[in-house]
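Please read the structure below before turning to the comments.
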Amino acid sequence: MPQTAIGFIGLGNMGRPIAGNLVKSGQDTIVYDAAGTAVRAPQGAQIAHSTTALAGMVDVIHLCVPDGRASEAIARDIRSATDRQTRLVVDHSTIGTEAAQRVHGLLAGAGIEYVDAPVSGGVSGAVNATLAIMYSGSEDTFDQLQPTFEAMAGNVFRVGGEPGQGQAMKVLNNFLSGTAMAATAEAVAFGVKQGLEMGMILDVVNASSGRNTATADKFPNRVMTGSYDAGFSSAQFVKDLRLYRDAAGAIGASCPISPAVSAIWRSLDADEPNADITRIYTFVHPEDGD
Ligand code: NAD
């Protein structure tokens, strides 16, 4: 097995295309997914049969798994591998600040470096290698990871050196994104009820001070078109907003707006589990639903 091979665990909506881009960039990539690797592996990747097996094959393992529980379980498996070669774990999952600190502690105890490097940009960003990466860890490791990051992302930021700072950046971004989406749904529904036309509302807002990612992208491209396919679910916003509020609570940061934003995403998710986030519009304005 070449010494330079990279390990990748978690081949879901995000991980599969990210790992596929590593393969396309010419990096030897060995992958594993607990739900079945062979059916999920991108073309050209090699397959590992378990996390512990992978930890015996590669120096560096990247993770893209659902939550902190999964990252922690994987960290324990890597730590327990008897013939372990892995010395660095790069976590692209969104797990929150406290989980990142816990996983860091678990691995540090075994002499394994852990860096958090969550991503933003959705499935299309993963497919097109245009993701933003929010890395937190040492500068040396950041430099060493550049070729890998360049194969999967369009913008790579070193946001800090402490475990969890990448996660802090990621959850504050998703708080803003969830707020913009929910507030835009409310504002557009208000305008439509006032007799304004949705396309006109968006044109005016996008030339004015209310412009945001929902008015500039998600509403014109995925609500007005009726496709409702942003590829990010209400359950994911519920999770990310919970992580934001947990992190804010842990440091006593004031967060007066997030309870209302969390509540609306929880209501949508209860009404329509795992709804595409663009469904927030038909949720607040059912007259426009199909
Ligand atoms: P997903 O559920 O589609 O994929 C996760 C994969 O991890 C699954 O294939 C699952 O089988 C595997 N997995 C879970 N536990 C495992 C374990 N212990 N060992 C090995 N494999 C395991 O999730 P996703 O949408 O690809 O998201 C992955 C991460 O990226 C999440 O933390 C998510 O919050 C974050 N994220 C997602 C998006 C998005 O648009 N989907 C955008 C940015 C960040």
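Both ligands and their constituent atoms are indexed starting at 1 by order of listing.
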Quiz item: Could Arg279 and Tyr228 be counted as a cation-pi pair, given that NZ or CZ must be under 6.0 Å from the ring centre and within 45° of the axis?
Solution: yes
Exercise. Taking only heavy atoms of the protein into account, state which residues are under 4.0 angstrom from an atom of ligand 1, in chain and number order.
Key: Ile9, Gly10, Leu11, Gly12, Asn13, Met14, Gly15, Tyr32, Asp33, Ala34, Ala35, Arg40, Cys64, Val65, Pro66, Ala70, Ile74, Ser93, Thr94, Val119, Gly122, Val123, Lys170, Gly231, Phe232, Gln236, Lys239
Quiz prompt | Sequence-distant partners of Asp217, side chain to side chain donor-acceptor pair (under 3.5 Å), two or more places apart | solution = Asn221
Practice problem: Compute whether any side-chain donor of one residue and acceptor of the other, for Glu272 and Ser234, lie under 3.5 angstrom apart. | Solution: no
Please list every donor-acceptor pair under 3.5 Å in which a side-chain atom of residues 96-105 meets a protein atom from a residue at least two apart or in another chain.
residue : atom : partner : partner atom : Å
Arg102  : NE   : Glu72   : OE2          : 2.8
Arg102  : NH2  : Glu72   : OE2          : 3.3

Quiz prompt | Pairs satisfying salt bridge (charged side-chain N to carboxylate O under 4.0 Å, His left out), at least one member in residues 228-256, at least two apart | solution = Arg222-Asp229, Arg242-Asp246
Quiz item: Do the side-chain N and O atoms of Ser71 and Asp91 include a donor-acceptor pair separated by under 3.5 angstrom?
Solution: yes
